[in-house]
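See below for the structure under consideration.
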Amino acid sequence: MLELRGVIKRYTGIPVVDGVSFTAARGEVTGYLGPNGSGKSTTLKMITGLIEPSDGEILFDGVPIGRDRLAHKQRLGYVPEEPHLYPHLTGAEYLEMVGQLRGIPERLVDHKASGFLRLLGLHGDRNVPISSYSKGMRQKILLAAALLHNPELILLDEPFSGLDVNSALVLRGLIHELAARGKVVLFSSHELDTVERVSSRVVILHKGKVVANDSIEHLRSLMSLPTLEGIFSQLAIEQDTAAITQEIVGLIEA
Amino acid sequence: MLDERRQFRILNRDFLSRMVDLDLISAGGDPRALISRFGAMLAALSLCITYLMVTRYFTSDLPHAKLAVFARGDEEFLISATITIAGLCAVMAWNSVFPDRRDSLILGLIPVRPRTMIAARVAAIAVVLGGVVLTLNICTGVAFPLALSTGFLDAIGGLLTWWFVLALAGATTFCFAIALQGLAAQLLPWRGFLRISGFLQLGLLFGVLATFFVAPPFDPVNAPVIYPSFWFVGLLHVLRHDSVDLFLPLATRALTAMAIVIPLAALVYTLSWSRNLRRMIEAPEILPAKHPRIANWITRLIARRPFERAILQFVSRTLARSRQHRMMLAIYGGFAFALALAFSHSLFEGRSPTPWDKPNPELVIGGLLLLSCAVVGVRALFAVPFTLRANWIFRITSVHRPVAYFAAVRKSLFAIAAAPVWIGAAIVYLSIWPGRPAVEYVLILVLLGIILVERGLNQFRKIPFACSWLPGSTHRKMKIGIWGWVFYLVVNMFAGILVWSLGKPARIFTILGILGALALYSRRRTLEFANAPENRVQFEDSPPAEIFALDLHQDGAWLNDEAFVDTIDPNMGRTIWGRLRPFALGFVALILCGFLYESVSEWHDRREYPRVGQAVDIGGRSLNLYCTGQGGPAVIFDTGANQPGYAWLLVQPKVARLTRACWYDRAGYGWSDAASGSRTSADIAEDLHKLLHAAHVPGPYVLVGHSFGGFNVRIFASRYPNETAGLVLADSADEFENPDYVPDELKSPARKLIPREWWPAAAMAAKFVVHLGILRLMDNGTPPAVRPLTAHDVGSLHALGLQAKTFDMTASEGLDEDQSAAQVRAIRDLGSIPLIVLTAGRMMPGQSTMLASYMQNRIYGSQAGLAKLSSRGEQRILPLSGHGIPFDDPVAIVDAVQSVLSAARSYCTGHEIDCPRACAACNGQ
């Protein structure tokens with residue numbers, strides 16, 4: 001189980017993550033929602049250990065992740081929001097490098113990497129540099145790299161970004177399956193439909209604070225709203241979207 | 001409505017800023033700052049050249065015609081420099097001159113006519129190239145033509161012509177680069193062109209540098225045809241109507257080159273805008289990678305563990321595929337190449353004193369340069385980040401201890417930088433040099449490479465290319481200047497030492513031992529650092545600890561555990577003794593090895609060259625004496641400083657036919673024991689007296705003393721007059737010599753360099769190091785035998801001269817030389833004993849006036865004065881002999897001995913009462 005207790009992250013004194021507490025249990029898919037700049041990616045990076053929290057605690061299976069970072073990283077799979085990859089490496093080389101860095105035996109790396117590439121539709125482009133990949137192709141590489149070593153804790157930040165319909169369907173099913181096999185899956189996305197279908201629980205973040213942390217069913221009944229979009233709009237959106245739309249059109253036609 | 005002029009201006013501004021390959025500048029770097037610095041450097045260079053080269057033309061008294069001829073070499077140099085700089089510009093702007101993907105993807109969407117884009121690009125190229133040529137020649141371009149002009153109009157004409165030729169030379173060079181690249185792009189498939197483009201760029205870089213450094217001195221008549229700078233010198237003179245017939249062939253070449261290159265460049269450049277833009281969009285910029293099996297096999301061989309292979313492959317792929325890193329590596333390689341060419345110039349022209357197929361400084365320096373630049377260059381590149389944002393994958397996957405990553409980085413540096421140089425050096429040097437020196441040199445390169453790698457990775461905690469880089473943190477610009485000079489001096493000196501040592505086992509083993517110890521020490525230090533418990537792999541470059549403590553960073557910019565990175569004590573908290581201990585132990589080991597080396601060598605020499613003579617105990621120690629022949633008076637030979645008695649081997653046998661002849665080894669020399677205490681001539685004379693009596697050699701004696709031996713025999717004669725039948729002084733030292741008046745050519749290095757009051761301390765130190773074998777280490781081996789000496793004779797003399805005890809005694813005699821001179825000076829006369837003074841009279845051709853004057857004074861002054869010590873004294877000047885009379889003219893000594901013997905015997909006859917004791921011996925009984 002992943003547990004965050006009062007996690008705070010400040011930048012120049014301003015908390016971007018302010019007292020976030022929630023748990024993500026094994027066998028569950030936890031959706032992590034919030035508008036842009038609400039602190040979602042920052043939270044995920046703190047869980048990976050890429051950034052240090054200003055305060056609070058992050059535990060996995062009851063053990064603070066800072067106690068043994070090497071062990072934590074061995075169990076962790078992470079797909080970042082932005083697909084920063086080494087452009088001069090090919091897809092196959094990148095996966096091979098990640099597998100080797102994790103200490104996976106050579107033959108197993110070859111087997112897994114070629115399997116991922118084939119199943120994700122990248123086999124024909126496996127020897128093409130990543131600089132030539134489309135956004136969706138890079139996302140698939142990130143996904144493969146995150147799952148290569150059979151992690152226990154899977155963090156996905158906007159995993160559906162750039163994916164075509166087919167790949168999105170595969171990923172959706174994959175998330176379910178991974179959770180069913182006892183992994184802890186925490187993923188953040190702006191695609192509320194997908195979150196609603198995939199997640200069993202959601203945590204909604206607004207201005208760094210948790211404004212909702214419950215199962216989707218319970219939230220629906222609590223707020224008497226039929227969809228997650230409605231719940232999200234109620235809790236996390238402050239702008240008049242219709243007015244903004246009109247203003248943009250006005251600028252274009254100016 | 002399109003405003004083409006406005007579009008042209010905007011595009012031109014953009015292209016100008018992109019003329020410098022932005023990949024060469026670090027992230028956040030400012031191209032304008034780089035250009036400004038580059039321009040300032042060129043202008044400073046121009047000023048220096050003006051001061052060093054041009055000012056002498058203004059101050060020269062030579063007529064103008066001669067001056068103009070003299071200036072041709074400088075003209076060639078300045079034009080060559082312009083061509084080189086233009087070529088380097090072309091290399092730097094290789095990827096910016098032609099349209100690229102950005103142009104096609106961005107500008108292709110905006111309504112800009114191709115002719116506007118082409119014009120803007122060409123204008124940008126012209127501005128940059130013109131700016132570079134102008135800056136480089138900003139001082140010389142004005143001063144040089146003015147210095148050679150004869151009037152106002154001539155000056156104007158000279159200036160215009162000069163700048164015109166410079167512009168043409170620069171433009172032709174740049175167009176050549178464009179034509180080269182453009183032709184390759186047009187003729188080859190796009191992917192093929194992408195493959196070779198990098199190699200063409202490097203080839204151009206090396207070609208430009210090679211042409212500059214290898215070009216011979218300018219000669220219009222015999223000029224080699226391949227040097228473009230020569231062509232443009234010809235063109236310059238033809239345009240000036242100066243010796244047109246002489247320079248016309250060269251000028252024709254220049255015009256031909258321009259006629260081919262410039263239109264060709266224009267053609268391929270225009271074609272590139274129409275053909276290549278489309279190809280670019282459809283094809284990737286970087287080629288798809290292949291997976292050569294041999295590369296994978298080599299990787300597995302070098303790196304056993306998977307994550308080591310990951311690091312090694314990441315490093316090699318990045319170096320091969322990152323344009324920025326490749327170009328920087330080429331700059332290091334170009335630097336090494338240029339320096340190697342500069343050093344080996346004379347070798348290629350056949351002017352080197354050492355042939356190329358034997359160890360020579362030029363090729364030794366080449367190997368050292370390549371190794372140093374390879375390791376230093378690759379190591380420097382490790383710190384240059386590449387796609388920094390992508391380094392999160394290394395952070396996420398850092399599941400091993402830091403020491404494992406450091407080991408992987410170390411292996412990568414060995415595999416990529418050092419190993420290729422080692423392999424190449426082994427192939428090259430084993431092919432061209434004899435086996436042993438080649439193997440020795442390759443071993444030295446191996447150890448040097450280990451030291452360079454270990455020191456280079458000291459304090460390096462990064463995964464290559466995956467850590468940020470704070471600007472200015474390395475003080476690189478300052479360090480390059482200082483360390484560049486140090487590097488130049490060290491490489492020069494070290495190459496000289498290596499050439500001197502290769503093929504000489506003792507020297508090479510010493511060098512290998514020192515390098516091996518340094519390599520082990522370096523390895524130990526890096527291991528200690530890597531295994532430090534608080535160490536971490538570093539992904540963010542942090543400021544020094546003093547700045548870090550101010551806590552100026554944004555929250556979370558550094559992880560808490562990374563904050564300790566800079567606080568690791570490089571000396572691991574050791575005390576001063578702890579830090580010095582490895583060096584002290586190494587020093588002690590070196591001393592022990594030295595003692596062992598000297599002892600074993602002397603033992604070997606004793607076996608190789610057994611005693612000649614017999615050991616005679618003179619009370620507590622023995623002296624060696626060798627006697628042959630029958631009769632009397634016995635002739636006793638005493639040698640000069642640092643010479644064993646065996647040095648009389650060309651004289652003593654001949655004298656032994658006349659009478660009993662004996663040579664002996666003074667204390668410490670030859671096969672005699674050393675003595676303690678003072679070693680004045682009086683001490684030596686007393687030793688000799690004891691020796692002769694202990695050996696039962698009956699007196700009286702005819703004493704023969706060479707050089708310092710002359711002092712000793714004179715003391716003997718004055719102390720034991722009844723035992724002295726006669727004296728022969730062979731170019732003896734004289735007590736009247738004022739050291740201040742002795743020419744430097746005749747002084748030993750010690751006397752020249754060391755103040756007199758430091759001699760005792762210097763002698764003590766010298767004795768110590770000689771006992772460590774330093775004399776043998778510096779020795780060049782047994783000289784070849786010259787008849788009548790045999791190889792064994794020469795070997796014996798050589799081996800006896802290398803003994804540590806001999807150096808001790810020579811030093812002691814030298815320190816007591818003043819006392820010895822005072823003792824000898826106190827002897828006013830030697831009565832009427834037969835005395836012959838042999839004086840070396842050979843004058844060396846070309847010797848200095850001071851030396852000639854000294855020799856004259858010596859021959860006809862002090863040496864002549866020695867003959868007056870006896871009423872029966874005589875001087876014989878030997879015009880063909882130098883100071884080493886026993887080897888140069890042994891017959892003269894034998895004749896002198898014969899004369900003294902006759903005089904002594906004939907005097908005894910009828911003077912039995914006056915004859916020094918045992919007249920029977922005088923008479924040969």
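Remember, it's a predicted structure, so these values are computed and weren't measured experimentally. To find a chain, count down the sequence lines: A is the first, B the second, and so on, and within it residues start at 1.
Within the cation-pi definition used here (under 6.0 Å to the ring centroid, within 45° of the axis), A:Lys112 does not qualify as a partner of A:Phe116.
Heavy atoms of B:Ser322 lying under 4.5 Å from chain A are absent altogether. At a 4.5 Å heavy-atom cutoff, the contact between B:Arg300 and chain A is made by side-chain atoms alone. Residue A:Leu142 touches chain B through its side chain alone, counting heavy-atom pairs closer than 4.5 Å.
Checked against a 6.0 Å centroid threshold, the rings of B:Phe394 and B:Tyr405 do not count as neighbours.
Contact count against chain A (heavy-atom pairs under 4.5 Å) is highest for B:His400 among B:Arg305, B:His400, B:Arg401. Contact count against chain B (heavy-atom pairs under 4.5 Å) is highest for A:Arg102 among A:Arg102, A:Lys45, A:His72, A:Glu82.
Here the straight-line distance linking atom CD1 of A:Ile51 with atom CG of A:Leu44 works out to 9.5 Å at 0.5 Å rounding. The structure places CG of A:Leu186 at 7.5 Å from CG of A:Leu153, a figure rounded to the nearest 0.5 Å.
Closest approach of B:Ala380 and B:Tyr332 over heavy atoms only: CB-OH, 3.3 Å.
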